[in-house]
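As structure tokens, the structure follows; a few thoughts come after it.
Below, chain A is the first sequence line, B the second, and so on; all start at residue 1.
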Protein chains: 2
Amino acid sequence: MEKFTYDNILDVIAMGFDPKLTRIIIDTKNIQTLYPLYLEIAKRLTFSTAKAVFGYKPSSNIGMVGFPAIQAAPCFLPSLIEKRPTRVLIPAAIDQDPYWRITRDIAEKMGYYKPAQVHSKFVPSLELNGKMSSSRPTGAIFTTDDPETIENKISSAYTGGQPSVGLQRMLGGDPDSCPVYWYLSHFFDDGKDSFERSLKCRTGNLLCGECKSDLTTQTKLFMSEFTRRRDQAKNQVDSFLYEENPFD
Amino acid sequence: MEKFTYDNILDVIAMGFDPKLTRIIIDTKNIQTLYPLYLEIAKRLTFSTAKAVFGYKPSSNIGMVGFPAIQAAPCFLPSLIEKRPTRVLIPAAIDQDPYWRITRDIAEKMGYYKPAQVHSKFVPSLELNGKMSSSRPTGAIFTTDDPETIENKISSAYTGGQPSVGLQRMLGGDPDSCPVYWYLSHFFDDGKDSFERSLKCRTGNLLCGECKSDLTTQTKLFMSEFTRRRDQAKNQVDSFLYEENPFD
């Protein structure tokens, strides 16, 4: 198993998913199940449609052109498992939306329900603007980061504060453009704490160092528990993997 | 298993292939083995290369675009089975040549030998011009045709003969443009017989009916034995299928 695949699986398990209700599909491992679906989907998607949606270039490799049909296949897998048309709801980041759009276009022709979607927003980068991305490690906290790394990353984070303490006291900060505030308000503060924090920031009564210190403490606390659960997850991987072949 | 797949397998076995030396790969059945190779091949083939070679249109489906990488995968399978770079020789009809050409372009970059090819000519149609094709059943003798069907197809065949017996006696026929002669000379007559037949045809000493009668007799003889072997083959299918997964 690829390292990224394995790491993602540990994260999913550590988040608390129930093995009885969860089946993790790995394209390379479960291709025997996915491929017949891939063929049925691929022959209903024209190159011109896929190009209009995904913007292939002449230099794109042919695997990229075929990939949307692999990505779409799990939408119909529950129907094969249940042996009747079965509705699916896909929680995914919003950039994955085009895959489900084109899948919806062909679903009913294939005798399945259209897949439904829950769009997730991106988690912002700790750096100026942008989404958190594994290609820029300084802007992202990984579930495998040690406490010292977490501390360093948060302490170097971009904030919505002023360039100096004096200016911050005088003018106040801008929590709306501050990733540190975003993290605290989305992951740790409750609604009332969060409102008070933003008020104190805007009125110059809170310095960025204090928020960073709060976020560091909270993140380390979360991560110490998460790391424990992630270690335990190593013994549970098999019970989460999709093993059945609905065509047997 | 698809009917076409099953029928093709019976034909291969009936032709006398040795099960100890033969492994039949079915894309849908062996995709678990082929898919990792597909991915490695697909990412090395650009859309512009594949389009230049296979001439995709905007209406081509995305499965067709990815397919050359599936077709190429078995070229490298022997290397995985033998666990060292292993040469392959592909006997295939000449229209399959572009698949092996693009595979040769990437083989060495992937650490394999370039696949080598034996080009097979097409068997001509029994009708005027063209290759034998399953989409025009009247021009093709199938391995499942009964004796009466064979007789009818050959009796309706196009020949290199003249429109009337009189003209044939006077002007002679043209064996070079005659599918009946082609079949007799490639499959049944030995070299000397074949030369005599062409001479008698060209000099007006042989009528098309006689050649058709010869071909019908020979074909029925071959087919009665082939049908017997094809029936026996039904018990041998499993011993020809590729079962191993070299990645285990």
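When each of A:Ala69, A:Ser60, A:Pro58, A:Ser59 is checked for heavy-atom pairs under 4.5 Å with chain B, A:Pro58 comes out on top. Counting heavy-atom pairs closer than 4.5 Å to chain B, the top-ranked of the candidates A:Leu45, A:Leu39, A:Thr49, A:Ile31 is A:Ile31.
Heavy atoms of other residues, nucleotides or ligands lying less than 6.0 angstrom from NZ of B:Lys220 number more than 12.
Residues A:Phe187 and A:Phe222 keep their aromatic ring centres 6.0 Å or farther apart. Not less than 6.0 angstrom separates the ring centroid of A:Phe67 from the ring centroid of A:Phe54.
Only the side chain of B:Ala50 comes within contact range of chain A, with heavy atoms under 4.5 Å apart. Using a 4.5 Å cut-off between heavy atoms, B:Tyr35 contacts chain A through its side chain alone, with no backbone atom that close. When heavy atoms are compared at a cutoff of 4.5 Å, B:Lys51 does not approach chain A at all. For B:Ile41, no part lies near chain A; criterion is any non-hydrogen pair under 4.5 Å.
Both the sub-6.0 Å distance and the 45° axial angle are satisfied by A:Arg87 relative to the ring of A:Tyr113.
Closest of all the heavy-atom pairs between A:Ala73 and A:Leu37 is O-CD1, 3.5 Å.
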